[in-house]
Amino acid sequence: MFGGYQPSFEQQRMQALVEQKQMKDFMRLYSTLVSRCFDDCVHDFNSKVLSENETSCVNKCTLKFMKMNERIGQRFAEENQKLMEEQAKQSR
Amino acid sequence: MFGGYQPSFEQQRMQALVEQKQMKDFMRLYSTLVSRCFDDCVHDFNSKVLSENETSCVNKCTLKFMKMNERIGQRFAEENQKLMEEQAKQSR
Amino acid sequence: MFGGYQPSFEQQRMQALVEQKQMKDFMRLYSTLVSRCFDDCVHDFNSKVLSENETSCVNKCTLKFMKMNERIGQRFAEENQKLMEEQAKQSR
Amino acid sequence: LPGGGAPGYGMQDPHAQFAAAEQELEMITDMFTRLGEACQKKCILQRYSEEDLTKGESVCLDRCVSKFFQVNKEVSEKLTKLSQAN
Amino acid sequence: LPGGGAPGYGMQDPHAQFAAAEQELEMITDMFTRLGEACQKKCILQRYSEEDLTKGESVCLDRCVSKFFQVNKEVSEKLTKLSQAN
Amino acid sequence: LPGGGAPGYGMQDPHAQFAAAEQELEMITDMFTRLGEACQKKCILQRYSEEDLTKGESVCLDRCVSKFFQVNKEVSEKLTKLSQAN
């Protein structure tokens, strides 16, 4: 496939690509989480310090977001798997 | 312009860049389309299967989105053309 | 750190990266500004030409956006600085 | 690396291969992000009164993912038909 | 490739050239995406009762694109003035 | 450049170094963009009756940035705890 290249070299490079992508995805997830919990929990700007209620809301928001994300991730992987199997069947 | 490089080589590379970009744009368009039609057409989560009404809505949504996109694309190209001509005139 | 590479070469490359990033950020800021001011100021499509009111709104919107952005940028830099100092302290 | 005996920058060479693989990853990630946004909007109403997903929210999320994939399939088939008609 | 007789990583070398070309493409695409979102929001009200654009929607889209470019021009001129004033 | 005596594509080589630096820049930019959107939404109510920030808007923006960083810190600590618990 990669004429003149050593497979192992290309594989390393591909793996680095996947790792970069995962890091990028995590960062995107993280900043989505921060901005969403900020949006939903912080409404009062008469003070520059988070109130106890706001802090508690942010903590619940974080946990709920992670659980939601995990559940969606599982379903997504299952559905994606099904899709790939169908496509493999059709291309035979 | 590219001292020491063969133009044809650079041109190939530039073309590959444009093709990658087009593929990326199409993918962005596609995922925008899916998420928009999902948002606008699917509201009932008492079932895990699309109803007939939802399916019909998704189909109309897809067609309407593509037509809208085509029309905006034409106008965008015209306006962009005008803009470039003006800029070319000013820089003379 | 970069065994076998001349630092100055790597530094140049890093600087080019930072410059590209700044250009990209400016472009993102710019297109955010245009679409936001369009969204907030243009509501009438009985004509294809901006009215005086719309033009005036766009101008104020542009100025306000830039001032907001500058102020947020200053605060962001300060808070980011504090954060880095705390992290440096913790990792000692 | 580019140059030497490499075949240029068509789809055959490794640079284009990586770009294609990167784009596929990008596509899947983008879809996942959008699905997450869509299903949060549709299913997570009473947001942060408690930190666990309620039973109702969980079931809604499952169905939401399933329906999102069905919409994906409908759109994909429609676009295929359109491109064949032209 | 970089190195050899290449002039480093300033705007003269091909890497930077490609980066600049890529950014311009990126900019135009970004604008187009945002314009599409804006004009859909402004013009496509009764969304999916039928699959064709109505006459009203079509005219609105045309004007919307035209006005979007005018806003772009206003903003661009304003920023130019601002940067010259500083 | 890649190949020759280079150590492959792990975190040690310059390509990965640049990628990491690029991602950190990306992260900070992304945060800044989101903070800007969030604080505009929270603080700039009466948008364009005048071109200057009002006193109230300015104070609100300052507090908004401060609180955004505190939320960032809370989330970061919570995730660290979660990852240690697993």
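By convention in this document, chain letters (A, B, ...) are assigned in the order of the sequence lines, proteins followed by strands, and residues within each chain are numbered from 1. Since we're looking at a predicted model, the values are computed, not measured. Below, each value reflects all heavy atoms present in this structure, side chains not excepted, and no hydrogens, waters or symmetry copies.
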Within 6.0 Å of [atom1] in [X], more than 12 heavy atoms from elsewhere:
X       : atom1 : value
C/Glu85 : CD    : yes
C/Lys67 : NZ    : yes
E/Lys42 : NZ    : yes

To the nearest 0.5 angstrom, please state how far the [atom1] atom of [X] sits from the [atom2] atom of [Y].
X       : Y       : atom1 : atom2 : result
E/Lys67 : C/Asp44 : NZ    : CG    : 4.5 Å
E/Lys78 : C/Met66 : NZ    : CE    : 12.0 Å
C/Met27 : E/Glu26 : CE    : CD    : 9.5 Å
C/Asn59 : E/Lys81 : CG    : NZ    : 7.0 Å
C/Leu50 : E/Glu74 : CG    : CD    : 6.5 Å

If every non-hydrogen atom of [X] is compared with every non-hydrogen atom of [Y], which pair is closest and at what distance?
X       : Y       : value
C/Phe38 : E/Cys64 : CZ-SG, 3.6 Å
E/Leu79 : C/Leu33 : CD1-CD2, 4.1 Å
C/Ser35 : E/Phe68 : CA-CE1, 4.2 Å

Chain E heavy atoms under 4.5 Å from [X]: which part of the residue, side chain, backbone, both or neither?
X       : answer
C/Thr62 : side chain
C/Gln15 : neither
C/Val58 : side chain

Side chains of E/Arg34 and C/Thr32 in contact at under 4.5 Å (non-hydrogen atoms): yes

Take E/Leu35 and C/Val34 through the test side-chain contact (heavy atoms from CB on, under 4.5 Å) and record every step on the way to the result. CA-CA 9 Å; E/Leu35 179 141; C/Val34 170; over 6 Å; no

Chi angles and distances behind the side-chain contact (heavy atoms from CB on, under 4.5 Å) call for C/Lys48, E/Asp62: CA-CA 8 Å; C/Lys48 60 177 285 187; E/Asp62 293 352; over 6 Å; no

Between E/Asp30 and C/Tyr30, do the side chains contain an N or O donor and an N or O acceptor separated by less than 3.5 Å? no

Steps toward side-chain contact (heavy atoms from CB on, under 4.5 Å) verdict (C/Asp39, E/Lys41): CA-CA 9 Å; C/Asp39 259 8; E/Lys41 225 188 303 173; 2.9 Å; yes

